[in-house]
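Below is one structure, written out as structure tokens; comments come after it.
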Amino acid sequence: MQFLVFIIAYPFLWLISILPFRVLYLFSDFIYLLIYHVIGYRKKTVRENLLIAFPEKSALERTAIEKKFYHHLCDLFLEMIKTLTISKEEMDEHFVLPNLDVLKEMERDGKSIALLTSHYASYEWSVSINNKLSVKGYAIYKKIANVYFDKLVRDIRQKFGANLINTKETIPTIESNYLRGIQSIYGFASDQSPKASRAINWGTFFGIETPLQTGAEMLAKKFDMNVMYMRIQKVKRGYYECRFEVLSYNPKSVPDFELTHSFIQKVEEQIKEAPEYYLWTHKRWKHRR
């Protein structure tokens, strides 16, 4: 059954991927009408999240953010499909790295790097940075139940040299590379809410005390990795800039959880600048004090 669903869906995905960008975004506008006005995909969750994050804004202001977010969400989904057939030249034009030298300098330090980012702007296209790396890059992702779509997502993300590892493979891979002296870069999207049973640290996110993902910091300390923040911004429709910001060259010297708190503060600052580009469909505050 999984294969049947895949072979039916794949030709449509491929056809979408070859659409010129102008046509792709016209199609995205149509998808927006279905997702937002007809289906109402996770609209309740989005509204609850926006109310928690921006209680000072009026209902009209939050609705305006909500609509912009759904437009961006549809763009994001179609851009991921576009990666199937996009060329390296097109990707370099649409996903720009203005200060790549900061990352390259950290590479030259010789240690592996924990690259922290959030579900903001075009986190999907961030896999394209692997073309610019001198060392092996890994992107950590959550495995999809349908094995054929899981393979498709892996193929899409690996097109530009990213090595995908699921959450269960993360620690064994990092440990193996560390013991063998293999310098690597590991991408962590660490802004989502952890399971309450696994929460070992709480911090403030938009004024709400909530559990934070601490895995990236703990692994950076254990395996002596440099830590960097990847700030992705949407310049205009279909165009993004990705800047690198150093968090620590020596995470073992930083008090426990300080790096995690610095990261989540950067995420909050970025969201406040343009809230419509954050992934509001997941329940970020499902556990709170």
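Since we're looking at a predicted model, the values are computed, not measured.
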Using the ring of each side chain (for Trp, its six-membered ring), is [X] parallel, tilted or perpendicular to [Y], with breaks at 30° and 60°?
X	Y	result
Tyr138	Tyr186	parallel
Phe54	Trp280	perpendicular
Tyr229	Phe263	perpendicular

Would you sort out whether Arg284 and His282 count as a side chain to side chain contact (heavy atoms under 4.5 Å, CB included), showing the intermediate values?
CA-CA 6 Å; Arg284 184 58 191 83; His282 69 272; 4.1 Å; yes
Note: [X]-[Y] ion pair, threshold 4.0 Å (strictly below):
X	Y	result
Lys272	Glu268	yes
Lys82	Asp75	no
Glu107	Lys104	yes

Taking the six-membered ring for Trp, are [X] and [Y] ring centroids under 6.0 Å apart?
X	Y	result
Phe223	Tyr178	yes
His71	Tyr36	no
Phe160	Trp125	no

Could you verify whether a donor N or O on one side chain and an acceptor N or O on the other, from [X] and [Y], lie under 3.5 Å apart?
X	Y	result
Asp191	Tyr278	yes
Ser176	Arg180	yes
Tyr239	Gln233	no

Hey, could you give me each pair passing salt bridge (Lys or Arg N to Asp or Glu O under 4.0 Å) that has a residue in residues 243-260? Not counting sequence neighbours.
Lys221-Asp256, Arg231-Glu245, Glu241-Arg243, Glu245-Lys266
Can you list every salt bridge (Lys or Arg N to Asp or Glu O under 4.0 Å) pair that touches residues 9-26, not counting sequence neighbours?
none
Phe77 CZ: over 12 foreign heavy atoms closer than 6.0 Å:
no
